[in-house]
Amino acid sequence: MYKVALQMLFGDRGKYLGIIIGIAMSSIIIIQQPSILVTMLSHTYSLITDISLPDIWVMDPKVRTSEDSRALLDTQLYRVRGIEGVEWAVPLYKGSLTVRLENGELERAVMLGLDDATLIGGPGTMVEGKLSDLRMPDAVIVDQAGANGRLAKQMGRPGEPRIPLRVGDTLEIDEKRATVVGIAKGTPTFHSDPVLYTTYSKAKNYASSERKLLSFILAKAKPGQSPRAVARRIAKATDLAAYTAEEFKQRSLDFMLHNSSMLINFGFVVLVGFVVGTAVTGQIFYNFTLDNLRYFGVFKAMGATDRMLLCMILLQALLAGLLGFGLGSGLTAAFAASTWSNNDIKLEVGLPLLGASGLAVLLIVLAAAFFSARKVLRLEPAEVFKS
Amino acid sequence: MERDAIRPVVACRGLTKTYGSGETSTPALRGVDLDVRPGELLMLVGPSGCGKTTLISVIAGILDQNTGSCELFGQDLSRLSKRERVRFRGKHIGFVFQAFNLVPCLTALENIAVPLLINGEKREKALRQAAVQLSRVGLEDRRDSLPGQLSGGQQQRVAIARALVHDPGLVVCDEPTSALDHETGTRVLDMLKSLAVRDNRALVIVTHDSRIFQYADRIAHMDDGTIIETRPHD
């Protein structure tokens, strides 16, 4: 009888397509919106993701996210280096500066000043040039998204195609010349500002108006030492905040979730997708069942048990759900893949997200099946004699 | 179940059935006694609303009576659980409906196989048995046709094949000729009687169509929820 159930489903092509498209549309909303949210939230801790070498981040206790920075005294670096369990500790400057482009336009950019000796905190992947070129005079490395986007050269009129920044091009930062010595790949920041990498000493030059430059101290726990325990030791000894990389990521994420309306906005859209999906799919599936009620009644009179009819309806709903979810997730994955060439909005559809969305779609089809099955199970078989 | 030539297929005693309750209650059966023997074609006739459809619904085990008893093949269905009753119905009763009730997306062959599939038969075997039944009603060349591609008479022949495919001892028919012209209706009744009675089945047919009374072995006249007269057809 299960094949009969499927033939009934496929036989009513209009409703069958309606159910599948309804579920596919819901799936797209339910998968895509959280995917955008997760991608955006991951940008809140992109700095921590990109700087993978240190396992402890030390900062002012008032710092809430990696996007935030409050200057420390340079002497704090030496205090951290002296704490038991710390293998090494290096300074990191993070600040927001104004860059003057060749055509005179001003752009805001994030500058990262790396430890001069080790260049720890530098970009993981270089597209052009070498990280060590930062030791050259006036050297800066620009992130690829910034080089191709907001820092690209506007040679013609506004609106005309820009020419990406290349190695050898120059910029002006706080009336000081900077030479591009490399282009690097990095995770976009939350505000999608261009990122300029330079050495800590050169950063002092570019940010000369700032009295203190030390934003973070990046530290590594000695082998065999727990980074968490060492972080606690640093915090206790210095009165600074010290977190493991994972703790700092979570702290950044929690701050963003609690202090922005992102979760509510995206959550609302997902909820609307779920509710509309349930309503549309449920309605079409219910109508499909109503259209076939006479035949379910005939099956009932002929000896089909409630369990058999329930299984038939569930099979129809689950298959439609599977096909709709497959179509929706496929389209969303294709859309996500199309964003991969653009570093700013690189969406990813991970397995946990697919699993959660699949569960939501399962709830939609089960709700649709529930209302339809109720009607069929309550049907008196004697109704079949009513013409 | 053995078909006993002596024991009636249907034995109803004092059947009553009332729809609704209180002031809106409508009595449909008021103490009906009826026997149907194997190999017998009984027609239930009477004006609209006299209780014919209610009676065959109770006989077929798809509606519960309020009082009285109705035994099918010696089994009082009211003593069976809901599940047992459904199984019993699937095994021993065939149905022919006024509006054919063939599933539109299934071919003639697949429609005929439905009762076997409901009874748990494997699909291949069910289709083989359905093909035999389809040839008995003379439609072997229409096995892959959908109901919408068949005439009314052909659809009713498919419905008859479906009612007989699982070899039930009792076939209940609700106005089987009312949607057909006289000539087609006569042919359908010819076929129904020959196929059903040949295997010693009992047939209960509800009808208004006096032109097919000639096929009845007995005619039970109903009015106002009771059988007022049962007589053999002349």
Side-chain angles (χ1 to χ4, degrees), chain A residues 1-20 284-285 287-317 319-320 372-374 376-387, chain B residues 17 19 28 52-58 60-64 82-107 110-111 113-121 123 126-127 146 148 159 162-163 165-166 168 172-175 178-179 206:
Chain A
M1 284 304 283
Y2 299 126
K3 188 165 181 194
V4 170
L6 297 184
Q7 284 174 293
M8 288 166 78
L9 178 68
F10 300 143
D12 192 343
R13 205 159 292 176
K15 288 205 173 61
Y16 164 61
L17 286 177
I19 296 165
I20 287 187
I284 301 174
F285 193 76
N287 282 345
F288 162 77
T289 307
L290 280 189
D291 288 351
N292 285 294
L293 202 57
R294 165 190 291 265
Y295 308 111
F296 282 118
V298 170
F299 296 158
K300 221 171 182 179
M302 286 177 174
T305 57
D306 284 351
R307 184 194 161 104
M308 181 184 279
L309 297 174
L310 187 63
C311 288
M312 287 173 75
I313 292 169
L314 272 177
L315 178 68
Q316 289 170 336
L319 184 77
S372 300
R374 219 166 60 130
V376 170
L377 297 182
R378 284 182 175 179
L379 175 72
E380 283 292 332
E383 295 283 314
V384 293
F385 284 128
K386 290 183 181 166
S387 53
Chain B
K17 176 71 186 174
Y19 294 110
K52 304 186 295 290
T53 300
T54 301
L55 181 56
I56 58 160
S57 298
V58 173
I62 56 178
L63 190 67
D64 291 331
K82 190 184 172 195
R83 192 179 172 81
E84 286 170 333
R85 201 185 317 174
V86 169
R87 291 278 180 218
F88 186 92
R89 215 159 57 209
K91 215 168 166 195
H92 298 294
I93 303 172
F95 291 87
V96 178
F97 306 99
Q98 180 179 0
F100 321 134
N101 285 344
L102 300 175
V103 184
C105 58
L106 301 183
T107 64
E110 289 166 338
N111 263 297
V114 164
L116 295 170
L117 296 172
I118 287 174
N119 285 331
E121 200 64 80
R123 189 175 168 84
L127 290 175
L146 296 171
R162 180 178 65 180
V165 71
H166 54 305
V172 292
C173 312
D174 182 37
E175 306 275 7
S178 69
V206 166

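Each chain gets a letter, A, B and so on, in the order its sequence line appears, and its residues count up from 1.
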Completion exercise
Whatever's closer than 4.5 Å to a heavy atom in chain A on B:L146 counts as neither
Problem - Part of B:R85 lying under 4.5 Å from any heavy atom of chain A - result: neither
Practice task
Just give me the residue among B:L106, B:L63, B:V58 that pairs up with chain A most often, heavy atom to heavy atom, under 4.5 Å.
Solution key: B:L106
Practice task
Could you tell me which of B:I93, B:V206, B:I56 has the largest number of non-hydrogen atom pairs under 4.5 Å with chain A?
Solution key: B:I56
Exercise for the section: Rounded to the nearest 0.5 Å, what's the gap from OG1 on A:T305 to CZ on B:R89? Could you check? Expected result: 10.5 Å
Problem - Interatomic distance, B:R83 atom CZ to A:D306 atom CG [nearest 0.5 angstrom] - result: 9.0 Å
Could you tell me which non-hydrogen atom of [X] sits nearest to which non-hydrogen atom of [Y], and how far apart they are?
X	Y	result
B:F95	A:A301	CE1-O, 3.2 Å
B:V103	A:F299	CG2-CZ, 3.7 Å
A:Q7	B:C105	O-SG, 3.4 Å
A:E380	B:I62	OE1-O, 4.2 Å

Problem - Residues A:M302, B:N101; criterion side chain to side chain contact (heavy atoms under 4.5 Å, CB included); working and verdict - result: CA-CA 12 Å; A:M302 286 177 174; B:N101 285 344; over 6 Å; no
Exercise for the section: Compare all side-chain heavy atoms of A:M1 with those of B:V114 and state whether any distance is below 4.5 angstrom. Expected result: yes
Practice task
Taking the side chain as every heavy atom from C-beta outward, state whether A:V298 and B:R162 have any pair of such atoms under 4.5 Å apart.
Solution key: yes
